[in-house]
Amino acid sequence: MTNSRHVPAPAPNSGTESFDPATPEAWAALRELGHRMLDDMLDVQSSLTHRPAWQEMPEAERRLFDQSAPIAGIGADAAYAYFRTHILPYGIGNWHPRFFGWVQGQGTPLAMLSEMLAAGMNPHLAGFNQAPAMVERQVIDWFAALMGIPGAGGLLVTGGSAANTHALGVARFAAVRARGGNVREDGLQPWPDGTPAKPLVFYGSAETHGWARKAAEWLGLGHRAFRRVPVDAAFQMDLVALRHMIELDRENGLDPFCVMGTAGTVNTGATDDLHGIAQVCREESLWFHVDGAFGALAALAPALRDQVAGMEEADSIAFDLHKWGAMPFECACVLVRDAAINHETFRAPAAYFAATNRGVNAGGAFFADRGLDLTRGFKALKVWMQLQADGIAKLGRIIEQNVRQARHFADAVAAHASLELLAPAPLNIVCFRYRTEAFSEAALDALNEELLLRLQERGIALPSSTRLDGRFALRLAHVNHRATDEDMEMVLSAVVSIGDELRVEMAR
Ligand SMILES: Cc1ncc(COP(=O)(O)O)c(C=O)c1O
């Protein structure tokens with residue numbers, strides 16, 4: 001390819017405007033700015049461990065964002081200076097090596113650069129006859145094979161909520177079709193033959209992530225259609241209860257159509273008995289979906305693969321690449337075993353997108369026909385570049401490293417007189433609290449909540465929190481490829497020392 005440095009910039013165009021620099025000198029200035037941006041970003045990323053994990057944004061800084069829209073611009077240099085001074089220091093810190101909040105990935109330098117390439121090339125991924133579409137198709141094929149359902153249809157989407165909702169939508173379409181209806185034509189009821197449709201219901205454990213409620217509402221099922229199955233002491237779905245609920249619901253005139261297992265629950269990292277759920281689904285003719293938002297990626301680590309066994313029996317799987325896949329936001333994947341039914345759920349031919357036999361629209365809008373979005377960006381490039389550069393094996397090793405560190409942390413918590421593990425830690429999530437005999441449950445909640453805030457506000461580390469059996473829990477969700485063993489030690493000792501400090505303060 002021609003080196004763009006030697007391509008003269010086009011002559012200034014009299015009377016017209018563009019967002020491209022207008023002169024060779026302006027191109028040179030933008031190139032210089034771009035190099036500075038890159039240097040600044042790599043400088044920060046390579047020194048994160050010496051920076052605070054988070055810092056509060058001062059009030060004066062917040063007020064800068066109340067200004068009205070700029071009618072005249074301030075120029076790229078000034079806009080970048082603004083970013084560097086007033087935005088860059090005040091992120092939530094999820095790129096930091098001691099960030100363990102919610103389940104948020106860190107991103108990688110190479111994926112950041114790939115995002116620049118993707119945005120620079122800016123291809124439209126509705127489909128089309130183009131290499132970027134081949135890249136997305138290849139990424140989907142790789143993951144379908146890695147997850148054990150080679151040949152599945154799939155799509156890259158924004159996140160786990162979108163990927164799971166997509167799969168539930170396909171399951172709903174399949175269920176209505178199996179009952180003789182067509183949800184796309186007629187909605188949910190009545191069926192075309194006049195039979196009154198029974199309310200469709202689906203099942204997931206009580207630990208299912210909040211996307212399920214939103215999806216039930218959005219798909220017109222109503223959130224009561226999402227039946228929450230109790231969990232056992234390991235926070236796994238109780239399959240006896242599941243069978244019982246299905247039977248009872250049928251007796252009560254409801255119409256079960258899907259069971260969702262979770263690989264890696266958001267609260268504790270538990271994985272349901274996926275083989276067991278697959279068996280129930282086979283016997284009861286139900287769609288089997290797996291929400292593997294982060295846990296599904298454990299399949300890439302040889303030592304952890306057994307923990308998510310059964311996923312390969314699913315009709316659909318949703319997982320994020322912006323969590324344990326280390327990709328910058330946004331990036332998730334949905335896989336549907338029966339690619340044809342996925343296509344039938346979303347296909348929407350339009351004259352203005354009709355496929356041609358040759359040329360740029362040969363093949364048509366095949367990705368748009370697999371999901372909701374028509375205009376889609378080149379998310380696949382960052383995934384493809386990272387995997388090409390480092391390989392699946394390295395991602396698997398980092399996932400194993402995170403689990404080893406999380407287990408070591410959980411063991412250290414369990415062994416410490418002032419700390420208490422509040423749930424088993426089978427994968428990468430550790431729920432725990434600082435504890436002292438002298439304090440009531442309410443006081444322990446207050447102490448641990450304050451402990452969390454001090455950890456954050458002192459910029460030491462960023463775990464998040466949850467409630468388990470009514471108790472406030474510090475929650476360390478570890479998908480951090482940057483965390484060293486020393487970072488883990490630092491978090492543990494900071495928790496103990498702030499906890500000790502609070503015990504004394506609160507006892508006064
Ligand atoms: C198990 C599970 N499912 C779904 C989601 C939602 O994913 P996203 O935040 O990418 O929409 C999460 C997010 O943490 C999750 O942990």
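Counting starts at 1 for both ligands and their atoms, in listed order. The shown structure was predicted, so the numbers you read here are calculated from the model rather than taken from an experiment.
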Could you list, one pair per line, each nitrogen or oxygen of ligand 1 together with any protein nitrogen or oxygen closer than 3.5 Å, giving atom names and the distance rounded to 0.1 Å?
| from | atom 1 | to | atom 2 | distance (Å) |
| --- | --- | --- | --- | --- |
| ligand 1 | 3 (N) | Asp291 | OD1 | 3.3 |
| ligand 1 | 3 (N) | Asp291 | OD2 | 2.7 |
| ligand 1 | 7 (O) | Lys323 | NZ | 3.1 |
| ligand 1 | 9 (O) | Lys323 | NZ | 3.2 |
| ligand 1 | 10 (O) | Gly160 | N | 2.7 |
| ligand 1 | 10 (O) | Asp320 | OD1 | 3.0 |
| ligand 1 | 10 (O) | Asp320 | OD2 | 3.2 |
| ligand 1 | 10 (O) | His322 | NE2 | 2.9 |
| ligand 1 | 10 (O) | Lys323 | NZ | 2.9 |
| ligand 1 | 11 (O) | Gly160 | N | 3.3 |
| ligand 1 | 11 (O) | Ser161 | N | 2.8 |
| ligand 1 | 11 (O) | Ser161 | OG | 2.7 |

Query raised in the report: Quick one: do Glu247 and Arg243 make a salt bridge, cutoff under 4.0 Å?
Result: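 A salt bridge is absent here (no side-chain N lies under 4.0 Å from a carboxylate O).
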Query raised in the report: Which residue pairs pass the side-chain hydrogen bond (donor to acceptor under 3.5 Å, both in side chains) test with at least one member in residues 297-312, sequence neighbours excluded?
Result: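 Passing the test, one end in residues 297-312: Gln307-Arg407.
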Query raised in the report: Within the side chain of Arg475, is there an N or O that forms a donor-acceptor pair under 3.5 Å with the backbone of Val266?
Result: yes
Query raised in the report: Between the main-chain N or O of Ala368 and the side-chain N or O of Asp373, is there a donor-acceptor pair closer than 3.5 Å?
Result: no
Query raised in the report: Where does the angle between the aromatic ring planes of His124 and Phe353 fall among parallel (under 30°), tilted (30 to 60°) and perpendicular (over 60°)?
Result: tilted
Requested in this report: Go through the steps for Gln405 and Gln401 under the test side chain to side chain donor-acceptor pair (under 3.5 Å), then give the verdict.
Outcome: CA-CA 6 Å; Gln405 289 171 325; Gln401 170 178 296; 4.6 Å; no
